[in-house]
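To start, the structure under review is shown below, and the notes come after it.
Reckoned from all heavy atoms, side chains included, excluding hydrogens, waters and symmetry mates.
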Amino acid sequence: MTLLLVIIVLALIFDYINGFHDAANAIATVVATKVLTPFQAVLWAAFFNFLAYWVFGFGVADTVAKTANTMEITLVVILAGVIAAICWNLLTWWLGIPSSSSHTLIGGFAGAAIAHSIANHGFSAYIGADGATHYWYEIVSWYKAGKDGGMPSGVLIIIAFIVLAPLLGAMASYLISIWLLNASRKSIYPKIFTVALMIATIWFVYVQMIPYDVITADGKLPRFENSEFWSVAFEPHNIKWFLVASIILIVSTFCLIFSSLNLHQADAALRKMQLVSSAAFSLGHGGNDSQKVMGIIAAAVAVYINANPGVQMDSWLDVVLPSESGAFRMPDWIPLACYTAIAAGTLSGGWKIVKTMGSKITKVTSFEGVAAETAGALTLYFTEHLKIPVSTTHTITGSIIGVGLTKRVSAVRWGVTVSLLWAWVLTIPISALLAAIVYYVLSIFI
C-alpha cells in the first residue's frame, strides 16, 4: 500500500509539473500579443484548466490506463514510468523545449513495462496468466481495433498523432485564418458561407446531444437528479459539443461584422476574442492532460488489486478499470486532485517555453492568436472525443505554424520548428529508455 501511495503522490507531482511545463501552450499567444500580462494569463489559464473537471469524461484516462497489460506488470513498473516522465519534463522545461508531457508519460509507462517483461521472461516466448503464449513486446497495448468500427486505440495510434495532431492544428488554423481574411472584405459571399456554417454547426451539435433517457439508462444517476434540463445541459458529452458550437458561433458572429469594422475596432474585437479562444484551449489542455494522470493512478490501483487478490479497497481507492462491458468507476477525489494539480502548476508559469511558443516560431498578432487557439481547442476537443491522448504542445505548435503559413512560408522560423520536431520524435523513445533504466535500478532495491 505504501508503494501505491507513493505512486499517487508522484503522479500528482507530475501533473503539477505538466501544468507549468505546458502552461505556455495556452497563454503564449495572449502574452505575446499583450492582451493579458503574464500573471493575468496564468490565472486565466489555471481557472479554465480546473473548470475542465466539470466538462470532460474519462475517455483519455481509459486509454492511458490500458497502455500496458495491468495483469502482467507491477507497481515498480508504474513508479519507474512516472519518475522517468518527471525527469524528462523537468529537463525539457529547463532547456525551454516545448516537448510533450503526454508522450513523456506514455513512453515512460511503456518503456518500464517492456523492461519488466524482458527482465522476467527474456526475449523468448512464455505462457501468460491467461494460459496463452506471449512475447516480451506484447505487454504493451500497441494496437487495438475499435468497437463497432470505432476509433482504434493503442500506443501506435498515440505515436501516429505525434504527426497528425500538429497537422490537424495547422490545417484548422490555416482554414480559420483564410476564413477570417475573406470575412474582412466587403463581399456577400463570405457572409453566405458564414451563415451556412452557423446553421450546419447548430444542426450537427443538436444531432450529437445525448437525451435524458439515455443519460439515465441502466440506472445511471444524472448530475442533477431534480432537473432534466440541467442534467442534459451538464452531461460531459453534451457540454463538449456546446463548447464546440459556442466557439464556432462566436467566430462566425465576428466574421459577419468584420468587414464593417475599422482597423482599430477590429483589433479591439480580436483581442477580446483571444480571451475566449485561450479559455477554450485551456479547457482542452486541462481535460486532455489531467486525464492521463487519472489513467496512471487507475492503472496503479488495478495492479495493486491484481497483486493482492481478495483485498478490500477503501472507498477512496475503489477504482474499476473499463472492461469489455464498459464498466468504469473512479472516486471523485482523483479527477478533482488531478485538475487541481494541473491548475496549480499552470499558476507557476513556465516562462522559458512561453518565449519559444509566443515569438520564436512566428510573429503572433491578435488575429493569429485567435486563429491558432481556436484551431488548437477544436483539435483537442475532437481528439478527446476519440479518446486519443494527444500532445497539447504539438497541437498549438502546429496551429501557430498554420497561421504563419497564411502570410508566407518564410514567416515560419523553420530552424526553430525543426528543432521542436526532433524533440517530439525523441520524447517517447528517450522516456522509454530512461524508464527502463529507472526500473532496473528500482528493482535492485524494491
Side-chain angles (χ1 to χ4, degrees), residues 19 22-33 35-36 40-57 60 165-166 168-173 175-177 179-180 197-198 201-202 204-205 208 233-234 236-255 269-291 339 342-343 346 357-358 364 366-386 390-400 402-403:
D22 287 5
N25 302 339
I27 67 173
T29 58
V30 287
V31 172
T33 55
V35 171
L36 295 175
Q40 291 171 331
V42 293
L43 281 177
W44 186 255
F47 173 74
F48 286 98
N49 275 170
F50 183 76
L51 196 63
Y53 170 64
W54 286 276
V55 175
F56 296 98
V60 172
L168 286 172
M171 186 183 303
S173 64
L175 293 175
I176 291 171
S177 298
W179 176 27
L180 288 169
L197 181 62
M198 294 173 76
T201 299
I202 293 170
F204 178 78
V205 171
Q208 295 297 318
F234 282 89
H237 175 89
N238 292 347
I239 293 177
K240 192 161 49 190
W241 289 114
F242 280 140
L243 286 171
V244 169
S246 298
I247 293 168
I248 296 174
L249 292 176
I250 288 171
V251 177
S252 297
T253 302
F254 173 75
C255 286
L270 284 166
R271 290 169 70 85
K272 289 184 176 66
M273 285 175 62
Q274 260 201 281
L275 294 176
V276 177
S277 60
S278 64
F281 189 82
S282 294
L283 269 174
H285 171 222
N288 196 286
D289 283 32
S290 288
Q291 284 193 55
Y339 284 116
I342 201 168
T346 299
M357 301 294 288
V364 178
S366 295
F367 178 92
E368 283 88 13
V370 168
E373 289 164 348
T374 301
L378 292 175
T379 303
L380 288 180
Y381 295 165
F382 172 71
T383 51
E384 197 280 337
H385 177 67
L386 297 176
V390 301
S391 166
T392 53
T393 306
H394 297 184
T395 303
I396 194 61
T397 303
S399 299
I400 293 173
V403 167

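Residues Leu380 and Ile396 have side chains not in contact (no heavy-atom distance under 4.5 Å, counting atoms from C-beta outward). The side-chain heavy atoms of Thr397 and Pro166, taken from C-beta on, include no pair separated by under 4.5 Å. Side chains of Phe56 and Ser290 form no contact here, defined as non-hydrogen atoms less than 4.5 Å apart. Considering only heavy atoms from C-beta on, Leu243 comes within 4.5 Å of Val55 through its side chain. Between Phe254 and Val370, every side-chain heavy-atom pair lies at or beyond the 4.5 Å cut-off. Residues Tyr381 and Ile247 are in side-chain contact: their nearest non-hydrogen atoms beyond the backbone lie under 4.5 Å apart. Inter-residue side-chain proximity for Phe281 and Thr392 is flagged as met; some heavy-atom pair is nearer than 4.5 Å. Looking at Thr253 and Met198, their side chains come closer than 4.5 Å, going by heavy atoms from C-beta outward.
Minimum interatomic distance between Phe50 and Ala343 (heavy atoms only, all atoms of both residues): CB-CB, 4.0 Å. Closest approach of Thr379 to Ala165, counting heavy atoms only: CG2-O, 4.1 Å. Smallest separation of non-hydrogen atoms from Gly369 and Gln274: CA-NE2, 3.7 Å. Closest approach of Gly169 and Ala375 over heavy atoms only: O-CB, 3.7 Å. Minimum heavy-atom separation, Ala245 to Thr201: CA-CG2, 3.8 Å. Contact detail for Val403 and Ala372: the closest heavy-atom pair is CG2-N, 3.8 Å.
Ser282 and Asn49 share no side-chain donor-acceptor pair at under 3.5 Å.
Taking CD of Glu384 as the start and NZ of Lys240 as the end, the distance is 3.5 Å to the nearest 0.5 Å. Separation of atoms CG (Leu283) and CD1 (Ile239) is listed at 10.0 Å; rounding is to 0.5 Å. Separating the CD1 atom in Ile342 from the NE2 atom in His285 is a distance of 4.0 Å, to the nearest 0.5 Å. We find the SG-CD1 distance between Cys255 and Ile248 to be 11.5 Å, quoted to the nearest 0.5 Å.
Within the 3.5 Å criterion, the main-chain N or O of Ala371 finds no donor-acceptor partner in the side chain of Thr374. Counting only distance, with no hydrogens or angles, the side chain of Gln291 and the backbone of Gly287 share a donor-acceptor pair below 3.5 Å. One N or O on the side chain of Ser173 and one on the backbone of Ser399 form a donor-acceptor pair closer than 3.5 Å.
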Next on the checklist: Would Trp179 and Val251 count as a side-chain contact (heavy atoms from CB on, under 4.5 Å) here? Give the steps.
Outcome noted: CA-CA 10 Å; Trp179 176 27; Val251 177; 3.5 Å; yes
Item to check | Test log, rule side-chain contact (heavy atoms from CB on, under 4.5 Å), inputs Leu168 and Leu378 | outcome: CA-CA 10 Å; Leu168 286 172; Leu378 292 175; over 6 Å; no
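Counting non-hydrogen atoms of neighbouring residues, nucleotides and ligands closer than 6.0 angstrom, the CZ atom of Phe382 reaches no more than 12 such neighbours.
Remark: Ile202 pairs with Leu249 by the side chain to side chain contact (heavy atoms under 4.5 Å, CB included) rule, at least two apart or across chains. Looking at residues two or more places apart in sequence or on another chain, you find a side-chain hydrogen bond (donor to acceptor under 3.5 Å, both in side chains) between Ser277 and Glu373. Every side-chain hydrogen bond (donor to acceptor under 3.5 Å, both in side chains) that His237 has, sequence neighbours left out, goes to Trp241.
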